[in-house]
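Notes follow once the structure below has been shown.
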Amino acid sequence: MNFSRDSFTLNVGGVRYSFSQEVIKDFPLRRVSKLHGCSSEQDVLEVCDDYDQERNEYFFDRHSEAFGFILMYVKYGKLRFVPQMCELSFYNEMIYWGLERSQLEYCCQRRLDERMSDTYTYMSDESKPDESCNLNDEQQHQEPEEKKWLERMRMTFEEPTSSLAAQILAVVSIIFVIVSMVVLFASTLPDWKTAENRSVEEHRIIEAICIGWFTAECIVRFIVSKDKCEFVKRPLNIIDLLAITPYYVSVFMTIFTGENPQLQRAGVTLRVLRMMRIFWVIKLARHFIGLQTLGLTLKRCYREMVMLLVFICVAMAIFGALSQLLEHGLDLEAKNEDYSSIPAACWWVIISMTTVGYGDMYPISVPGRILGGVCVVSGIVLLALPITFIYHSFVQCYHELKFKSARYGRSLSNEFLN
């Protein structure tokens with residue numbers, strides 16, 4: 001660097017800025033302050049893109065408008081995004097000049113978090129096919145035929161829109177789920193119970209066929225999965241196991257305890273296990289974006305869900321205690337026995353806050369009715385606050401899953417045309 005001059009000139013994207021040596025030495029931007037410590041041409045070129053020694057001018061091939069906003073932060077202490085500029089692009093400029101995410105204003109931090117979460121999901125979804133597309137023909141020929149077959153099988157069972165075979169398999173699986181649910185619901189009808197002696201064998205055959213299909217599907221998906229431990233930890237796979245296991249447990253218990261219900265000490269347990277087949281409905285989440293969006297939203301918004309639960313619990317404690325005091329606790333001539341305890345009053349609070357109002361219990365005193373009105377209005381406000389965040393997360397999750405489905409749909413179209 002030329003220390004004989006009193007000023008330095010920074011040329012950022014064609015816009016020139018002049019600073020004194022003292023300012024450059026203690027400049028808040030790390031990349032700019034490094035210029036003062038450069039002692040050779042190589043050191044200078046590691047900091048900037050080019051420089052003019054005669055004019056003591058240093059060139060940076062960066063976004064000039066973004067650098068102007070960064071200089072405003074240096075001067076005024078507030079850093080915001082450039083209008084009409086991608087948040088990630090501005091964040092890259094920040095990193096280049098030595099700034100951190102925490103130096104952004106809070107509103108801009110939230111925008112950056114949402115954009116980074118959105119982009120990370122898209123990029124992670126696209127990274128797998130991109131990696132396979134980047135392989136050259138020689139590497140593809142070197143890949144064992146067994147691995148290719150396992151990968152095709154895994155995509156067929158895990159991604160219903162990845163191929164024509166995967167869609168056919170998904171339709172068959174949906175049919176089995178619907179049939180099993182119809183049989184489960186029909187078995188609780190009075191007419192079904194009357195004709196149980198005549199139709200019990202048909203019921204068992206249908207149930208065994210459905211369970212056999214679900215078991216075979218689960219075993220094949222486990223065999224072709226890349227990571228067996230990760231496969232076991234997935235929520236949908238755990239639900240599959242919970243839906244299949246009760247059938248085999250009930251079969252073994254029936255074998256060991258006998259068919260006569262009077263002799264079965266575990267008769268109630270068997271009925272509970274059989275009713276757990278209702279979890280098969282959740283298997284439809286593999287084939288419908290709506291159910292997948294709901295699950296992904298609940299996973300991402302667990303903090304907001306906990307916050308909503310805390311709001312409700314606090315309101316239940318406050319309004320439950322006050323309503324019990326006003327309706328029953330005071331020495332009144334006509335006590336409202338429905339509010340004999342705070343837990344009983346909490347039931348009234350929860351149905352009032354959610355504006356359900358079954359009508360099984362209600363306040364009869366004037367103070368109690370005023371409290372009831374305050375409870376209803378408070379419930380509307382408290383429930384609306386976290387739902388806004390949950391709604392935005394739901395929309396984002398839906399677009400992410402729709403993007404992923406469309407990407408596999410394009411591959412399905414190519415396969416169909418070929």
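In this text, all values refer to a predicted model and were calculated from it rather than measured experimentally.
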Value rounded to 0.5 Å, distance of SG in Cys375 from CZ in Arg369 = 15.5 Å
Geometric cation-pi criterion, Arg111 with Phe81: 6.0 Å, 45° | no
Give, for atom OH of Tyr91 and atom CG of Leu99, the distance between the pair rounded to the nearest 0.5 Å.
-> 10.5 Å
Phe60/Phe67 aromatic ring centres below 6.0 Å | no
Over all heavy atoms of both residues, which pair between Ser173 and Trp213 is shortest? Give the atoms and the distance, please.
-> CA-NE1, 3.7 Å
Ignoring hydrogens and angles, state whether a donor on the side chain of Thr297 or Tyr398 is under 3.5 Å from an acceptor on the partner side chain.
-> no
Which value, rounded to the nearest 0.5 Å, describes the distance between Asp360 atom CG and Asp338 atom CG?
-> 7.5 Å
Can you tell me how far the SG atom of Cys218 sits from the CG atom of Leu241, to the nearest 0.5 Å?
-> 6.5 Å
For atom OH of Tyr96, decide whether the heavy atoms of other residues, nucleotides or ligands shown that lie under 6.0 angstrom number more than 12.
-> yes
Report yes if the side chains of Glu65 and Met85 come closer than 4.5 Å at any heavy-atom pair, otherwise no.
-> no
So, for Trp97 and Ile70, which heavy atoms are closest and what is the spacing to 0.1 Å?
-> CD1-CD1, 3.5 Å
Considering only heavy atoms from C-beta outward, does the side chain of Leu112 approach that of Leu88 to under 4.5 Å?
-> yes
Backbone N/O of Asp61 and side chain of Asp49: donor-acceptor pair under 3.5 Å = yes
May I have the step-by-step check of side chain to side chain contact (heavy atoms under 4.5 Å, CB included) for Val232 and Asn237, ending in yes or no?
-> CA-CA 6 Å; Val232 176; Asn237 297 332; over 6 Å; no
State yes or no: are the ring centers of Tyr362 and Trp348 separated by less than 6.0 Å?
-> no
NZ of Lys228: more than 12 outside heavy atoms within 6.0 angstrom?
-> yes
Could you tell me the separation between the CD1 atom of Ile364 and the CG atom of Leu326, rounded to the nearest 0.5 Å?
-> 11.5 Å
If you look at every heavy atom in Arg31 and Val47, which pair is closest and at what distance?
-> NH1-O, 2.7 Å
Supply the atom-to-atom distance Met316 CE to Phe311 CZ, rounded to the nearest 0.5 angstrom.
-> 15.5 Å
Check whether any side-chain heavy atom of Phe214 sits under 4.5 Å from a side-chain heavy atom of Ser180, and report yes or no.
-> yes
Non-hydrogen side-chain atoms of Ile312 and Leu382 separated by less than 4.5 Å = no
What's the verdict on side chain to side chain contact (heavy atoms under 4.5 Å, CB included) for Thr388 and Tyr391, showing C-alpha distance, side-chain angles and the deciding distance?
-> CA-CA 5 Å; Thr388 304; Tyr391 165 75; 5.8 Å; no
Leu104 and Cys108 have their tightest heavy-atom pair at CD2-CB, 4.1 Å
Phe231 six-ring face occupied by Arg221 cation (under 6.0 Å, within 45°) | no
Met353/Val376 under side chain to side chain contact (heavy atoms under 4.5 Å, CB included): CA gap, chis, key distance, verdict | CA-CA 5 Å; Met353 291 184 64; Val376 172; over 6 Å; no
Would you indicate whether Met153, at its atom CE, is surrounded by more than 12 heavy atoms from other residues, nucleotides or ligands within a distance under 6.0 Å?
-> yes
Taking the side chain as C-beta and beyond, is there a heavy-atom pair between Gln396 and Arg300 under 4.5 Å?
-> yes
Asn11 and Val15: CA distance, side-chain angles, deciding distance, side chain to side chain contact (heavy atoms under 4.5 Å, CB included) verdict | CA-CA 5 Å; Asn11 191 320; Val15 181; 5.9 Å; no
Please tell me if the side chains of Phe319 and Cys346 come closer than 4.5 Å, counting only heavy atoms from C-beta onward.
-> no
Please report the closest heavy-atom contact between Val349 and Ala315, naming both atoms and the distance.
-> CG1-O, 4.0 Å
Between Ser365 and Glu327, does any side-chain donor sit less than 3.5 Å from a side-chain acceptor?
-> yes
Charged N-O contact under 4.0 Å between Glu105 and Lys78 | no
Would a distance-only check, ignoring hydrogens and angles, find a side-chain to backbone donor-acceptor pair under 3.5 Å from Gln109 to Ser102?
-> yes
Evaluate the side-chain proximity of Tyr248 to Ile211: yes if any heavy-atom separation is below 4.5 Å, no if none is.
-> yes
Heavy atoms of Phe69 and Arg80 approach each other most closely as CD2-O, 3.7 Å
Side-chain heavy atoms of Tyr58 within contact of Val32, under 4.5 Å | no
